[in-house]
Number of protein chains: 2
Amino acid sequence: MPTTTAVRELPHPSREEIRLEAVLHALADPVRLRIITVLNTHGEGEGNGATCSQVELPVSTSTATHHFRVLREAGVINQCYRGTSKINCLRRADLEARFPGLLDAVLRAAAN
Amino acid sequence: MPTTTAVRELPHPSREEIRLEAVLHALADPVRLRIITVLNTHGEGEGNGATCSQVELPVSTSTATHHFRVLREAGVINQCYRGTSKINCLRRADLEARFPGLLDAVLRAAAN
DNA sequence: CTCGTACTACGGTGGCTATCGTACTAACCG
DNA sequence: CGGTTAGTACGATAGCCACCGTAGTACGAG
């Protein structure tokens, strides 16, 4: 056992495993729409993204955890640990490859 | 009371009343995705569209009624009576005005 | 008027889900 | 080590929702 910091991996669907129904269901919730709207204003690079607590939500932290997980399991966002925080970012490239134009259309629509 | 054939009106949300969450929720179901996929192959003009029974679905007729109603109340489809049948057609123009590109992106995605 | 077709309304059932609070773990800072 | 911060796991609850069958309505054909 190396003494390096343990990297807690989180399960993500591969690009091919992303299902349309799951994505639409994940987006059909006002709290989760808000999450992706906020994430949209952050970069997507390896080191970019927002922590869970940076996204202000009108629900408890445990409920917020639930919503982030739904988005991750649907393949909409990527989550990785960074110290005590968890970094969230949109999976733009994967979503664009799988369902071209969908994410942008939803983001534009959510912006009113 | 005129003796003309009674026109049973059905409630539809106006263009401005169409809500994004409702549309996404309506589309996040495999049966309803199939419905709009089939309707997409029919014309949208006043006289076009498909009857409920023309859309083959793997559910009972009462459940099918439920799905058509969800789509109508979300503003995704328009329904009007024509004799004993009900004609269904997509509300393309309204959806495009409200959420540009969304319907097309979903239809493309659903087509695999 | 009777019959068949097309769809609906209603009631019930099981499963999912958004929400919460509480208790917990993981990492970093002194 | 102890404390703080960030997020999670768990259990509970209430509401919604997809589904069905049965009974009923509306319309057109004969």
Side-chain angles (χ1 to χ4, degrees), chain A residues 1-12 19 21-35 38-39 49-74 76-89, chain B residues 1-12 19 21-36 39 49-74 76-89:
Chain A
M1 328 53 182
T3 58
T4 57
T5 299
V7 175
R8 289 167 288 163
E9 290 289 336
L10 289 163
H12 289 77
R19 294 179 312 115
E21 305 158 26
V23 172
L24 291 175
H25 172 258
L27 299 178
D29 180 281
V31 173
R32 294 193 289 262
L33 272 181
R34 166 145 184 81
I35 291 175
V38 173
L39 292 185
T51 64
C52 294
S53 54
Q54 281 176 332
V55 184
E56 284 184 45
L57 298 174
V59 294
S60 68
T61 59
S62 52
T63 301
T65 296
H66 159 71
H67 285 302
F68 278 103
R69 185 174 57 223
V70 170
L71 287 169
R72 186 190 74 235
E73 292 178 350
V76 178
I77 67 172
N78 189 283
Q79 294 189 298
C80 63
Y81 287 100
R82 170 84 45 103
T84 63
S85 299
K86 197 188 244 178
I87 309 292
N88 305 278
C89 59
Chain B
M1 321 66 181
T3 58
T4 57
T5 299
V7 176
R8 287 168 289 163
E9 290 291 336
L10 289 163
H12 289 78
R19 293 180 312 117
E21 306 157 26
V23 171
L24 291 174
H25 171 258
L27 298 179
D29 180 280
V31 174
R32 294 193 288 261
L33 273 181
R34 165 142 184 81
I35 291 175
I36 64 162
L39 292 185
T51 64
C52 294
S53 54
Q54 281 177 334
V55 184
E56 283 183 45
L57 298 174
V59 294
S60 68
T61 59
S62 52
T63 301
T65 296
H66 160 70
H67 285 302
F68 278 103
R69 185 175 56 221
V70 170
L71 288 169
R72 186 191 73 234
E73 291 178 349
V76 178
I77 67 173
N78 189 283
Q79 294 189 300
C80 62
Y81 287 100
R82 169 87 43 104
T84 64
S85 297
K86 198 188 241 177
I87 309 293
N88 304 277
C89 59

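Hydrogens, waters and symmetry mates play no part in the numbers below; they use all other heavy atoms, side chains included. A note on names: the letters A, B, ... follow the listed sequences, proteins ahead of strands, and every chain is numbered from 1.
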Once you round it to whole Å, what is the distance between P of dC17(D) and CG of L24(B)?
-> 14 Å

A50(B) backbone acceptor or donor facing N88(B) side chain under 3.5 Å | yes

Taking only residues two or more places apart in sequence or in another chain, which ones pass side-chain contact (heavy atoms from CB on, under 4.5 Å) with E21(B)?
-> P30(A), L33(A), R19(B)

Of the candidates dA9(D), dA9(C), dC7(C), the side chain of S85(B) sits closest to dC7(C)

Can you list the steps and then say if T51(B) with I87(B) is a side-chain contact (heavy atoms from CB on, under 4.5 Å)?
-> CA-CA 5 Å; T51(B) 64; I87(B) 309 293; 3.9 Å; yes

What integer distance in Å separates F68(A):CZ from dA6(D):P?
-> 13 Å

To the nearest Å, how far apart are E21(B) CD and dC16(D) P?
-> 14 Å

Atom pair distance, as rounded to whole Å: CG in L57(B) and P in dC20(D) | 11 Å

Nearest-angstrom distance from the residue atom CD of Q79(A) to C1' of dG7(D) = 10 Å

Which residues share a side-chain contact (heavy atoms from CB on, under 4.5 Å) with S60(B), sequence neighbours left out | S62(B), T63(B)

Nearest heavy-atom approach of A64(A) to V59(A) is N-CG2, 3.9 Å

5' precedence on DNA chain C between A64(A) and T84(A) (nearest-nucleotide basis) | A64(A)

Got a list of protein N/O to nucleotides 16-19 of chain C N/O distances below 3.5 Å?
| residue | atom | partner | partner atom | Å |
| --- | --- | --- | --- | --- |
| dA18(C) | OP1 | R32(A) | NH2 | 3.4 |
| dA18(C) | OP2 | R32(A) | NH1 | 3.1 |
| dA18(C) | OP2 | H66(A) | NE2 | 2.7 |
| dT19(C) | OP2 | H67(A) | NE2 | 2.3 |

Please assess L57(B) against H67(B) for the test side-chain contact (heavy atoms from CB on, under 4.5 Å), listing each intermediate value before the final yes or no.
-> CA-CA 10 Å; L57(B) 298 174; H67(B) 285 302; 5.6 Å; no

Separation of dT5(D) P from Q54(A) CD (nearest whole Å) = 16 Å

Atom-pair distance (CD on E9(B); P on dC7(C)), nearest Å | 18 Å

Partner residues of V70(B) under the side-chain contact (heavy atoms from CB on, under 4.5 Å) criterion, sequence neighbours left out | A26(B), R32(B), H66(B)

Base, sugar-phosphate, or nothing for S53(A), non-hydrogen atoms under 4.0 angstrom?
-> sugar-phosphate

Atom pair distance, as rounded to whole Å: CD1 in I77(B) and C1' in dC7(C) = 13 Å

